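In what follows, a structure is listed as structure tokens, so that the remarks can point back to it.
Just the heavy atoms: all of them, side chains too, but no hydrogens, waters or symmetry mates, feed the values below. In this chain, numbering begins with 1 at the start of the sequence shown. Everything numeric here is computed off the predicted structure, so don't read it as measured data.
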Amino acid sequence: MTVLVTADRKYRRSPRKPLLPHKCDHQDSLEVGSDGASFSGAVFNLSSTIVGAGIMALPAAVKQLGLIPGLVSIMLGSTLTELSIDFILKFSRASKSPTYAGAVGDSLGSAGRTLLQVCIVVNNLGMLVVYMIIIGDVFSGTSANNIHHKGVMEEWFGQHWWTSRISLMLLTTLLIFAPLISFKRVDSLRYTSALSVGLAIVFVAITAGVAIAKLMDGSIGMPRLMPKVIDQASFWQLFTTVPILVTAYICHHNVHPIENELKDPTQMKSIVRTSLTICSTVYIATSFFGFLLFGDQTLDDVLANFDGDLGLPYSSLLDDVVRVSYGIHLMLVFPIVFFSLRLNVDGLLFPYAIPITFDNRRFFSITIALMSFIFIGANFVPSIWDAFQLTGATAAISVGFIFPAALVLRDTCGIASKKERLIAWTMFLLAVLSSMAAISWDIYSSYVIEKHS
């Protein structure tokens, strides 16, 4: 006998009696077997959700802000993320809803639930497009500031049709993504998630080692500590880092799918804290040593900096290890983010259907359609900074901070304390004002660029 966990209630499926269609929130619909997920498996899955492409743009964000404000912002982002997830867990348990969208629906109505699901879909689509862009940058190369940065495959084998960007991305999609996104349980990805976290740590360790070695031999100095603010435009430009910092910690969409598969769901709060501690440590180390190593030459995607002479023995080998390890890391993170994307799209399109895990035709149709969209998007979006700006300032900031704060401020269960209300108001105002500033600057800068071109 199988238990189906949905947003509204549990259904037992008998082999002799199929489930009838019902209205449910499919965001986190899943099949729960007899064995629940372990604490360590949940930590790896949640950490893998967090440490994705955001880590590659954080050194560039710190370059914009300066070292001290940049690192402080990363720590603040971790703290606010933990608080926002605590809000979600508290109100979903009070409303007896095992999903984020279900808790929002109970508090803000069906319109609020639908808007949240749309935001999750936009955010996850944007993130997965970024993953594919970085994978393309790593293996086939990229161009920045009129300089071509060679990819690993181009360096190893030269320029051929099969080392082109579109060919490598197509092979990655068919040979790696297709098998991994076919799993119907998030816990099935725990081993690939553990490996992905390990590969991220390898990247940080090599970056730190190279930076320390070059600092000791005097070939680099200490990076700029504060931002360059020379006029009003440079001040407003600082807000373009907000979407990067927000996107780096977005994992809210996978909290409930992971919690629903746990042997002991009461461990979720500790799992969140452990994962955020690991990830913020990785982020701080990457941002510090990446900016220390490349300074004001840090690119939007710091991996693109690892294509030349680092000034150390075996420089070429170190470059290749860094890029390949992180490229593989992103390949392994991809299915974790895709998991909640597929569930939310299914919930929006088929709100009255049986859970997607029991409808193979719907499961694979949605999977193929989404994967095709991501593949096409990755070949047309010019850079990861553009993708982060688009999704980070809108969908990500809504999923990560605006909706959790709204749950507390709405407080239909009457359980929010005065301290939580104060934090929620602060979170809400910071999110809205930062988002407006980032969007306004993007519109203004785009207008200026278009006017001068």
Side-chain angles (χ1 to χ4, degrees), residues 3-11 19-31 84-126 186 250-260 337-359 362-363 365-366 369-370 373 391 394-416 420-421 424-425 427-428 431-432 435:
V3 177
L4 295 180
V5 180
T6 69
D8 298 322
R9 58 185 70 86
K10 292 183 179 180
Y11 293 85
L19 284 168
L20 295 176
H22 58 279
K23 183 176 181 178
C24 65
D25 173 9
H26 284 198
Q27 178 195 349
D28 301 319
S29 299
L30 51 92
E31 179 182 352
S84 66
I85 294 175
D86 284 348
F87 290 161
I88 295 169
L89 291 173
K90 180 174 182 176
F91 281 86
S92 62
R93 287 166 183 165
S95 63
K96 295 181 172 58
S97 173
T99 71
Y100 184 8
V104 170
D106 288 339
S107 179
L108 304 177
S110 59
R113 178 177 59 193
T114 300
L115 181 59
L116 171 65
Q117 289 180 311
V118 169
C119 288
I120 292 174
V121 168
V122 171
N123 175 75
N124 287 21
L125 277 175
V186 69
I250 289 297
C251 61
H252 305 63
H253 49 80
N254 267 344
V255 169
H256 284 89
I258 291 171
E259 182 190 35
N260 291 339
V337 179
F338 192 93
F339 187 89
S340 61
L341 169 63
R342 178 173 50 211
L343 289 174
N344 279 277
V345 169
D346 181 66
L348 287 170
L349 297 179
F350 305 103
Y352 293 93
I354 62 173
I356 190 173
T357 52
F358 291 95
D359 188 334
R362 200 166 89 243
F363 181 89
S365 297
I366 292 176
L370 289 174
F373 181 90
T391 62
T394 53
I397 209 164
S398 298
V399 173
F401 300 115
I402 293 178
F403 276 104
L407 286 175
V408 178
L409 298 177
R410 178 73 171 168
D411 192 20
T412 55
C413 300
I415 58 174
E420 287 173 333
R421 285 182 173 275
W425 270 117
M427 185 183 295
F428 182 84
V432 171
S435 177

Assess the residue pair Leu343 and His253 against the criterion (side chain to side chain contact (heavy atoms under 4.5 Å, CB included)); give the C-alpha distance rounded to whole Å, side-chain angles, the decisive distance to 0.1 Å, and a yes or no. CA-CA 10 Å; Leu343 289 174; His253 49 80; over 6 Å; no

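- The two residues Ala431 and Ile397 make their nearest non-hydrogen contact at O-CD1, 3.3 Å.
- Of all heavy-atom pairs between Leu407 and Ser107, the closest is CD2-CB, 3.7 Å.
- Paired with Ile120 under the rule side chain to side chain contact (heavy atoms under 4.5 Å, CB included), one option of Asn124, Val122, Asn123, Val118 passes, and it is Asn124.
- With values rounded to the nearest 0.5 angstrom, Ser398 atom OG is found 9.0 Å from Leu116 atom CG.
- Asp346 places no side-chain N or O within donor-acceptor distance of the main-chain N or O of Ile366, the cut-off being under 3.5 Å.
- Rounded to the nearest 0.5 angstrom, Leu89 CG and Glu259 CD are separated by 5.5 Å.
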Decide side chain to side chain contact (heavy atoms under 4.5 Å, CB included) for Ser435 and Ile402; before the verdict, give the C-alpha distance in whole Å, the side-chain angles of both, and the deciding distance to 0.1 Å. CA-CA 10 Å; Ser435 177; Ile402 293 178; 5.7 Å; no

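- At least one donor-acceptor pair under 3.5 Å links the side chain of His252 to the backbone N or O of Gly400.
- Note that CG of Leu409 and CZ of Phe428 are 7.5 Å apart. Values are rounded to the nearest 0.5 Å.
- Side-chain contact, Thr412 with Asp106: no donor N or O sits under 3.5 Å from an acceptor N or O.
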Stepwise side chain to side chain contact (heavy atoms under 4.5 Å, CB included) check, Phe350 with Asp359: CA-CA 12 Å; Phe350 305 103; Asp359 188 334; over 6 Å; no

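- Distance check: Arg410 CZ to Leu108 CG gives 6.5 Å after rounding to the nearest 0.5 Å.
- For Ile415, the side chain to side chain contact (heavy atoms under 4.5 Å, CB included) partners are Lys90, Phe91, Ala94, Asp411, Cys413, not counting sequence neighbours.
- A distance-only check finds a donor-acceptor pair linking the side chain of Arg362 to the backbone of Ile354 [under 3.5 Å].
- By the 4.5 Å heavy-atom criterion applied to side chains, Val337 and Leu341 are not counted as neighbours.
- Separating the CZ atom in Arg342 from the CD1 atom in Ile356 is a distance of 6.0 Å, to the nearest 0.5 Å.
- Shortest non-hydrogen contact noted between Asn260 and Pro98 is ND2-O, 3.0 Å.
- Under the 30°/60° scheme for interplanar angles, the aromatic rings of Tyr100 and His256 are found to lie parallel.
- The heavy-atom pair separating Gln117 from Ala101 by the smallest distance is CG-CB, 4.1 Å.
- Side chain of Ser92 to backbone of Ile88: a donor-acceptor contact under 3.5 angstrom is found.
- The heavy-atom pair separating Ser84 from Pro404 by the smallest distance is O-CB, 3.6 Å.
- Shortest non-hydrogen contact noted between Gly105 and Arg113 is CA-CB, 3.7 Å.
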